[in-house]
Amino acid sequence: MKTAILAGGRGTRLADEQNVTPKVLYEIGNRPILWHIMKMFAQDGFDDFLLLLGHRAEQVVDYVIHRARYEGRDVQIELPSTGPARIIEEPEDTDRWRITLCHTGTDSEKGERLRRVRPYLAGEPDFMVTYGDGLADIDLRTLVKFHRSHGKTATLTAIRARSQFGHVKLADGGVVTQMDENPMLPEFVNGGFMVFNQSIFDWLEPDDPLERGALRRLAEAGELMAYVHNGFWTCMDTYKDNLRLNELWAAGEAPWKKWE
């Protein structure tokens, strides 16, 4: 099963607009978060990736090709005669990743990026999609099994996130009765680990924003299911998030790392 990783984000909350590093290349323990995401999927047996590139795509291409080489892997590069992708295989590496690099437009919406890689997903009854900034200790095989059990078009992963702000509870007259620092939010949020079948392309419109577009329409039609993940989940949205993830990694306390 293929996994499409939305790797075109600018990461403006990680740095200013002049920053030269794509979001997926921000490092955790001297490895880009993109590497951590692919390791997460590969450890569960999903090692065929499409990277949906956008902002500073050339830097991601350079990382995949050249960093893999200096890390000692035997990398072969195939340039297809047509299409925007480069295909890289690592036949001697234990992960045996297959990576297709797809230029999907600098500022394309997420759903539009998916529309543009439809030919690379042909023949896949189901495929996974994830963002380029999310990490979790999720069992991806169980997620796929759940998706296949219900027969609907799409599955997202529902998680409970913590508020980025402290909450204050007040009594009459403005008396503070309780202070909660970053409490768990009461509603579920989309954790970003999704599984679609081929009919998703019937729901994607040109320039589709995905969350506010196809996913919303799927929910209204009863074609979207949620797989509830109660374990660890986080996203690297800000510079503070990046520091925290590096601290977890340095301390050997990275919950998403289930590989040896």
Side-chain angles (χ1 to χ4, degrees), residues 1-11 22-25 32-35 37-38 40-42 45-65 68 76-90 96-134 140 143-144 147-148 153-157 190 192-218 223-224:
M1 176 183 287
K2 294 181 184 293
T3 300
I5 302 177
L6 292 158
R10 292 179 175 272
K23 188 175 189 179
V24 293
L25 295 187
I33 189 172
L34 175 63
W35 179 86
I37 293 169
M38 289 192 290
M40 273 179 48
F41 278 82
F46 304 104
D47 52 14
D48 193 344
F49 303 102
L50 277 72
L51 303 189
L52 279 52
L53 307 179
H55 178 64
R56 299 193 181 276
E58 71 283 354
Q59 292 188 33
V60 183
V61 172
D62 183 73
Y63 164 74
V64 172
I65 294 173
Q76 297 179 347
I77 304 171
E78 175 187 346
L79 299 179
S81 58
T82 60
R86 301 180 183 218
I87 300 176
I88 295 94
E89 296 185 46
E90 300 179 7
R96 295 184 62 83
W97 296 351
R98 179 181 177 88
I99 305 173
T100 305
L101 300 172
C102 302
H103 296 266
T104 55
T106 301
D107 294 306
S108 299
E109 294 280 5
K110 298 183 187 75
E112 178 61 24
R113 294 188 191 282
L114 278 177
R115 278 167 40 86
R116 295 186 184 189
V117 298
R118 184 174 185 175
Y120 298 97
L121 294 166
E124 296 284 320
D126 305 290
F127 58 91
M128 287 187 281
V129 176
T130 193
Y131 303 130
D133 61 0
L140 294 162
L143 167 63
V144 171
H147 171 76
R148 289 174 170 168
T153 299
T155 301
L156 59 75
T157 299
N190 177 11
F193 299 97
M194 297 169 281
V195 190
F196 299 145
N197 64 37
Q198 282 290 320
S199 63
I200 186 65
F201 293 107
D202 297 330
W203 295 85
L204 291 169
E205 298 177 351
D207 300 318
D208 199 293
L210 191 59
E211 298 88 352
R212 302 185 313 277
L215 291 184
R216 181 175 292 179
R217 292 189 293 273
L218 284 164
E223 282 293 317
L224 177 62

Any idea which heavy atoms bring [X] and [Y] closest together, and the distance?
{"X": "Ala4", "Y": "Leu114", "value": "CB-CD2, 4.3 Å"}
{"X": "Val144", "Y": "Met1", "value": "CG1-CE, 3.6 Å"}
{"X": "Phe49", "Y": "Ala42", "value": "CZ-N, 4.3 Å"}
{"X": "Gly111", "Y": "Leu210", "value": "N-CB, 3.8 Å"}

- request: Kindly indicate, with the supporting measurements, whether the criterion side chain to side chain contact (heavy atoms under 4.5 Å, CB included) is fulfilled by Phe196 and Leu215.
  value: CA-CA 11 Å; Phe196 299 145; Leu215 291 184; 4.1 Å; yes

- request: Fit a plane to each ring of Phe41 and Phe193, take the angle between them on a 0 to 90° scale, and name the class: parallel (under 30°), tilted (30 to 60°) or perpendicular (over 60°).
  value: tilted

Between side-chain atoms of residues 121-133 and protein atoms elsewhere (two or more places apart, or another chain), which donor-acceptor pairs fall under 3.5 Å?
residue, atom, partner, partner atom, Å
Glu124, OE1, Lys2, N, 3.3
Asp126, OD1, His147, NE2, 3.1
Asp126, OD2, Arg148, NE, 3.3
Thr130, OG1, Gly192, O, 3.1
Tyr131, OH, Asn190, ND2, 3.4
Tyr131, OH, Glu211, OE2, 2.5
Asp133, OD2, Lys23, NZ, 2.8

[X] side chain near [Y] side chain, heavy-atom distance below 4.5 Å:
{"X": "Leu34", "Y": "Ile5", "value": "yes"}
{"X": "Thr3", "Y": "Leu50", "value": "no"}
{"X": "Trp35", "Y": "Trp97", "value": "yes"}
{"X": "Met38", "Y": "Ile99", "value": "yes"}

Residues that [X] engages under side-chain hydrogen bond (donor to acceptor under 3.5 Å, both in side chains), provided they are two or more places apart:
{"X": "Asp202", "result": "none"}
{"X": "Arg216", "result": "none"}
{"X": "Glu205", "result": "none"}
{"X": "Thr153", "result": "Ser199, Glu223"}

task: Using side chain to side chain contact (heavy atoms under 4.5 Å, CB included) as the criterion, list what pairs up with Pro119, not counting sequence neighbours.
output: none

- prompt: So, the side chain of Arg98 versus the backbone of Asp47: is there a donor-acceptor pair under 3.5 Å, distance only?
  reply: no

message: Using a 3.5 Å distance criterion without hydrogens, assess whether the side chain of Arg113 forms a donor-acceptor pair with backbone atoms of Leu6.
response: no

To the nearest 0.5 angstrom, please state how far the [atom1] atom of [X] sits from the [atom2] atom of [Y].
{"X": "Glu58", "Y": "Leu53", "atom1": "CD", "atom2": "CG", "value": "9.5 Å"}
{"X": "Glu109", "Y": "Asp208", "atom1": "CD", "atom2": "CG", "value": "8.0 Å"}
{"X": "Tyr120", "Y": "Asp48", "atom1": "OH", "atom2": "CG", "value": "13.0 Å"}
{"X": "Met194", "Y": "Leu143", "atom1": "CE", "atom2": "CG", "value": "10.5 Å"}

query: Does Arg116 pair with Glu112 as a salt bridge, N-O distance under 4.0 Å?
result: yes

Salt bridge present between Lys110 and Asp207 (N-O < 4.0 angstrom): no

